[in-house]
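Heavy-atom basis, side chains included; hydrogens, waters and symmetry copies ignored.
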Amino acid sequence: MLLIAVLWIVEPGLRNPIWASGVIRFAVPLAILAACQTLTMLTGGIDLSVAAVASMAAYIMATQTPAQGPVVAVALGLAATALAGLVNGIGVGVFRVHPLIMTLGMSLIVLGLMTVYQLQMVTSGSIIPESVAWLGGGTSFGFFTNSLLVFVPLAALIVFSLRRVGFGRLLYAVGDNEIAARLSGVRVWQVLVTLYVISGLLAGLAGIIYGAVTRTASVTLVERFLLPSVAAAVIGGTSIFGGRGGYSGTIVGALILTVLTSLLTVLQMPEPVRQILFGAIILVVAAAYTRITDES
Amino acid sequence: MTAAAGTVQGSAPGRTGGTVARVVRRNAWTFGLAALLLVLFLVTRAIKPTYGAAELRSLAIGALPIAFAAVGQAIVVISGGIDLSIGSLLALTNVTAAALMAGGSEESAVPVVLFVLFLGLFLGAVNGLLVVASRVPDIIVTLALSFVWAGAALLVLKSPGGGTAQWLKGLIDGTIGSEWIPEALVLLVVSVALVWLPLRRSRLGLSMYAVGSDRLAAFRSGVAVAPTKVAAYAVTGLFAAMGGLSLSMSTGIGTPVPGPYTLLSVAAIVLGGVSLVGGRGGLLGPILAVFVLALIRADLTFLNVDPNFTTVVQGVIMVVVVMVGAFATLRRRTA
């Protein structure tokens with residue numbers, strides 16, 4: 001982990017407050033999305049619906065703001081994500097559908113529904129509420145990224161819960177050995193349903209913040225963050241097979257990926273080369289990390 | 001565990017006496033899908049009485065790349081992996097073929113086709129080698145590589161373009177024998193049979209099922225796990241190249257941006273009864289599933305359903321089918 005932190009400090013050639021706050025602004029929603037992946041991966045699952053769900057939250061918020069006001073709009077957006085998460089959780093926890101399929105299917109369902117909804121909402125226009133835009137995308141004193149006000153407590157909560165709170169330990173227990181967890185009295189399906197609802201809510205939050213950063217809302221807004229969110233969790237040392245990992249590593253992973261993206265943009269690489277390098281670097285970092293953890 | 005051992009020692013998966021229960025289960029799923037396809041076809045006839053041979057032909061042409069992708073995906077999943085880069089591989093082989101054939105003569109297309117097939121095999125092997133060498137989970141490696149191959153496709157062709165030899169386009173255009181047998185379908189069956197039937201009968205095919213079923217048990221029974229995985233990925237790459245070529249045949253050009261083939265291929269294999277955990281399933285199920293999905297899409301269009309709902313329906317079908325499958329398995333286990 002130290003190695004990765006050092007790598008990150010050495011890598012960027014230009015380090016000034018504006019650039020740094022820009023990086024953090026984009027890293028925050030990615031880190032929250034990666035939290036969904038971290039939590040679900042701890043139980044041996046994965047949540048591929050986060051991008052669609054996050055876009056849904058941002059889009060519902062933006063289109064409902066003109067009619068309902070910002071508070072209700074945000075609440076509606078988050079309620080929709082909780083519902084999507086609930087369906088995911090029931091599918092995975094109760095009906096034992098493979099999480100990959102369940103969440104992939106859910107992302108299709110959400111995307112389709114939102115496209116239909118979009119056609120009906122064309123007339124209403126979409127507004128990102130000022131308060132949300134300030135909190136999600138604004139900066140104070142020229143360098144402080146406001147979204148950290150949301151993210152720091154949230155990250156602390158997640159890290160703390162995973163270590164010290166019963167529910168956090170249950171995620172590890174279920175991921176490490178589901179049968180053992182069940183035999184020791186854990187109601188696995190309840191854990192999974194709660195987990196996927198939380199994952200949906202987190203995705204919604206990430207979507208709203210990302211909407212505020214870009215000041216736009218569309219049904220495919222967050223789509224390009226799906227793969228990086230999985231990658232961030234893996235680079236951060238969370239095992240995709242469950243039971244191992246944590247959130248602090250994921251945050252570092254999200255930072256690395258965001259720095260990387262911005263670096264590739266700054267260097268003005270052509271798009272194809274950028275894609276190739278991005279994929280190659282994710283692979284190399286993941287491989288290096290696997291080696292390090294295997295040997296220790 | 002015993003099933004895995006039986007697969008390794010038996011003559012061919014699905015044909016030995018010890019795995020009767022599995023044969024029944026697998027074939028029941030496939031039969032069910034075939035019945036579903038038939039019902040869907042009748043429904044389609046009911047919705048649109050003019051639905052006939054011509055529509056069937058375009059259905060087969062449209063489904064061809066998806067079917068190849070699904071076949072490739074099925075093979076790698078059976079051997080315990082997953083290839084999320086298959087959509088990018090399709091795009092890369094498609095643009096390579098289109099760029100090399102642009103302006104060339106009809107005869108010069110033959111080496112191009114062979115080269116592209118070899119390229120697919122090679123890129124697939126690279127996928128497999130990196131999975132084995134990096135020890136990173138398959139899903140992450142192929143996810144990362146999907147960026148690499150998509151980027152490479154953009155390097156080959158910046159925007160849709162290139163060309164395709166006429167005889168290649170003609171290969172899937174018509175029908176053979178009866179007007180009800182589209183050439184695209186024949187091409188699919190022939191190429192899959194040519195690669196898969198000998199493979200499944202061979203030691204390598206057995207090893208694939210064994211590795212997918214239980215890696216450790218396979219290793220301890222003397223299966224060379226790493227080469228088997230690389231080979232499985234290579235074959236998947238080969239089918240991805242066929243998918244890319246079939247894209248060339250149906251569109252006549254190369255498109256550097258990957259289509260939704262990764263997603264569709266995963267959906268099709270799950271619907272087709274291939275277990276995502278590995279070691280179970282065949283190729284007939286996924287192919288049937290591709291046509292089921294394609295027919296449903298066509299039906300929804302005929303019914304004037306908002307095309308965006310098609311996505312919803314596809315997602316619902318995917319989830320529901322897996323739920324039903326899980327229930328059937330659960331019941332059998334308790335019974």
Side-chain angles (χ1 to χ4, degrees), chain A residues 46 48-49 52 87-88 90-91 94-119 219 226-228 230-231 233-235 239-241 269-291 294, chain B residues 82 84-85 88 130-131 133-158 256 260 262-264 266-267 269-271 275-277 305-327 329-330:
Chain A
I46 193 167
L48 293 184
S49 68
V87 178
N88 270 339
I90 291 175
V94 181
F95 292 96
R96 318 300 300 167
V97 179
H98 195 291
L100 191 74
I101 299 302
M102 187 63 219
T103 52
L104 211 58
M106 180 50 76
S107 77
L108 287 181
I109 296 172
V110 167
L111 189 66
L113 285 178
M114 287 321 288
T115 322
V116 175
Y117 171 77
Q118 183 183 30
L119 294 177
V219 291
L226 174 61
L227 306 185
V230 178
V234 172
I235 291 174
S239 161
I240 201 160
F241 301 115
M269 300 265 182
E271 174 65 22
V273 180
R274 214 155 69 194
Q275 277 190 22
I276 293 177
L277 281 176
F278 188 71
I281 291 171
I282 288 179
L283 189 59
V284 169
V285 174
Y289 192 87
T290 320
R291 281 287 144 86
D294 275 5
Chain B
I82 190 166
L84 296 186
S85 72
S88 304
L130 286 174
V131 166
S134 69
R135 286 189 270 161
V136 176
D138 304 58
I139 187 170
I140 305 297
V141 175
T142 53
L143 206 60
L145 285 171
S146 72
F147 286 99
V148 176
W149 305 141
L154 275 172
L155 280 183
V156 175
L157 270 188
K158 270 200 182 58
T262 304
L263 237 157
L264 288 174
V266 174
I269 62 152
V270 170
L271 206 83
S275 159
L276 273 180
V277 189
V305 175
D306 185 328
N308 298 307
F309 261 122
T310 319
T311 327
V312 181
V313 172
Q314 232 166 321
V316 171
I317 290 173
M318 197 160 129
V319 170
V320 168
V321 165
V322 178
M323 271 187 201
V324 171
F327 257 140
T329 326
L330 271 183

Give, for atom CG of D138(B) and atom CG of L130(B), the distance between the pair rounded to the nearest 0.5 Å.
-> 11.5 Å

Mind ranking V136(B), V316(B), V141(B) by heavy-atom pairs under 4.5 Å with chain A and telling me who comes out on top?
-> V136(B)

If you round to the nearest 0.5 Å, how far is CD1 of I235(A) from CG of L283(A)?
-> 10.0 Å

Identify which of L111(A), T115(A), L277(A), I46(A) forms the greatest number of heavy-atom pairs closer than 4.5 Å to chain B.
-> T115(A)

Cut-off 4.5 Å, heavy atoms of chain B, and the answer for A231(A) is neither

If you tally heavy-atom pairs under 4.5 Å between each of I82(B), L154(B), V312(B) and chain A, the highest tally belongs to V312(B)

Please report the C-alpha distance between I139(B) and L100(A) in whole Å, then the side-chain angles of each, then the deciding distance to 0.1 Å, and finally whether the side-chain contact (heavy atoms from CB on, under 4.5 Å) criterion is met.
-> CA-CA 11 Å; I139(B) 187 170; L100(A) 191 74; 3.9 Å; yes

Turns out that what part of L84(B) lies under 4.5 Å from chain A's heavy atoms comes down to neither

How far does CZ of F147(B) sit from CD1 of I282(A), to the nearest 0.5 angstrom?
-> 5.5 Å

L48(A) versus chain B, the contacting section by heavy-atom distance below 4.5 Å = neither

Could you look at A133(B) and say if it's the side chain, the backbone, both or neither that has a heavy atom under 4.5 Å from chain A?
-> backbone

Atom CG in L113(A), atom CE in M106(A): separation rounded to 0.5 Å?
-> 9.0 Å

Does the side-chain contact (heavy atoms from CB on, under 4.5 Å) test come out yes or no for Q275(A) and F278(A), once each step is laid out?
-> CA-CA 5 Å; Q275(A) 277 190 22; F278(A) 188 71; 5.6 Å; no

CG of L226(A) to CG of L143(B), rounded to nearest 0.5 Å, is 7.5 Å

Is it the side chain or the backbone of V116(A) that comes within 4.5 Å of chain B heavy atoms, both, or neither?
-> both

Non-hydrogen atoms of chain A under 4.5 Å away: do they reach the side chain of L155(B), the backbone, both or neither?
-> both

Would you mind checking which part of V270(B) comes under 4.5 Å of any heavy atom in chain A, side chain (CB onward), backbone (N, CA, C, O), both or neither?
-> side chain

